[in-house]
Amino acid sequence: MMSDIEKIYYSSEELSAIVKKLGEQISFDYEGKNLLLVSILKGSVVFMADLMRAITVPCEIDFMCVSSYGNSTENSSGAVRILKDLDENLEGKDVLLVEDILDSGRTLSYVISVLKTRNPKSIRICTLLDKPERRVVDLTADYSGAQVPDEFVVGYGLDYAEKYRNLPFIGVLKKEIYSED
Ligand code: IMP
Ligand code: MG
């Protein structure tokens, strides 16, 4: 798997420092609130697992699985399907959406429009990575770990064709891997 990697953007150590900082900010901001972390599957699973342990205030967790149509590097056509909905009631909750990467913004803007109808007290976004150049909807993350340029990155939960999620760092694959199919 390592031989498929062209370059590393964020090492495992750098990711730990990024997550620690986000955890501190969130813990400060959500003191005394009703925090519900909502992990958007599957990409945010690794980030979620680390982030929740960096948060020192009480919180609940839940998971939602959404899928956008289209192939894997040009992911978001705009159409979003809910594959697994939340288990928890959102009434009065301070929802924090935990996402791997904010790209066009279509996925989260759809998710937010759905969740807003369920009367949460607040909804905010925490994304590990942000690709601001790619945005097509007006959406900014309340918490953002790091920015990446307009390149398709993998690792730490992020996939290419469902692979590479288990890499402990964020990196870019060699060109020939992306062009194989
Ligand atoms: P958006 O709706 O365009 O913001 O899409 C966000 C989703 O697209 C993320 O949750 C990822 O699943 C996927 N995605 C966008 N960019 C990348 C990338 O560089 N690597 C892996 N997945 C990505
Ligand atoms: Mg995703």
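Counting convention: from 1, in listed order, for ligands and their atoms alike.
- Contact annotation: Lys42 has no heavy atom less than 4.0 Å from any atom of ligand 1.
- In this view, Ser27 and Ile55, Thr56, Val57 satisfy the side chain to side chain contact (heavy atoms under 4.5 Å, CB included) rule, not counting sequence neighbours.
- Heavy-atom proximity to Glu99, at under 4.0 Å, picks out these atoms of ligand 1: 10 (O).
- Counting the atoms of ligand 1 from 1 in the order shown, those under 4.0 Å from a heavy atom of Thr107 are 1 (P), 2 (O), 5 (O), 6 (C).
- At least one heavy atom of Lys131 sits closer than 4.0 Å to an atom of ligand 1.
- Taking a cut-off of under 4.0 Å to the non-hydrogen atoms of Glu151, the atoms of ligand 1 that pass are 19 (O).
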Legend entry - Test salt bridge (charged side-chain N to carboxylate O under 4.0 Å, His left out) applied to Glu88 and Arg118, step by step: CA-CA 11 Å; Glu88 302 297 323; Arg118 303 182 189 175; over 6 Å; no
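- Classified by interplanar angle (parallel below 30°, tilted 30° to 60°, perpendicular above 60°), the ring pair Tyr178/Tyr160 is perpendicular.
- Listed by atom number, the atoms of ligand 1 under 4.0 Å from Asp159 heavy atoms are 21 (C).
- Residue Leu129 forms a side-chain contact (heavy atoms from CB on, under 4.5 Å) with just one option from Tyr9, Phe47, Tyr10, and that option is Tyr10.
- Residues Asp100 and Ser44 bring no donor and acceptor atom of their side chains to less than 3.5 Å of each other.
- Taking a 4.0 Å cut-off on heavy atoms, Val153 registers as neighbouring ligand 1.
- The heavy atom nearest to atom 3 (O) of ligand 1, considering only Ser44, Gly155, Ser104, is found in Ser104.
- Closest approach of Tyr143 and Leu22 over heavy atoms only: CB-CD2, 4.0 Å.
- Against a heavy-atom cut-off of under 4.0 Å, Asp100 is close to the following atoms of ligand 1: 9 (C), 10 (O), 11 (C), 12 (O).
- Around the CD atom of Glu6, the shell of radius 6.0 Å holds more than 12 heavy atoms that belong to other residues, nucleotides or ligands.
- Under a 4.0 angstrom heavy-atom cut-off, Gly105 registers as being in contact with ligand 1.
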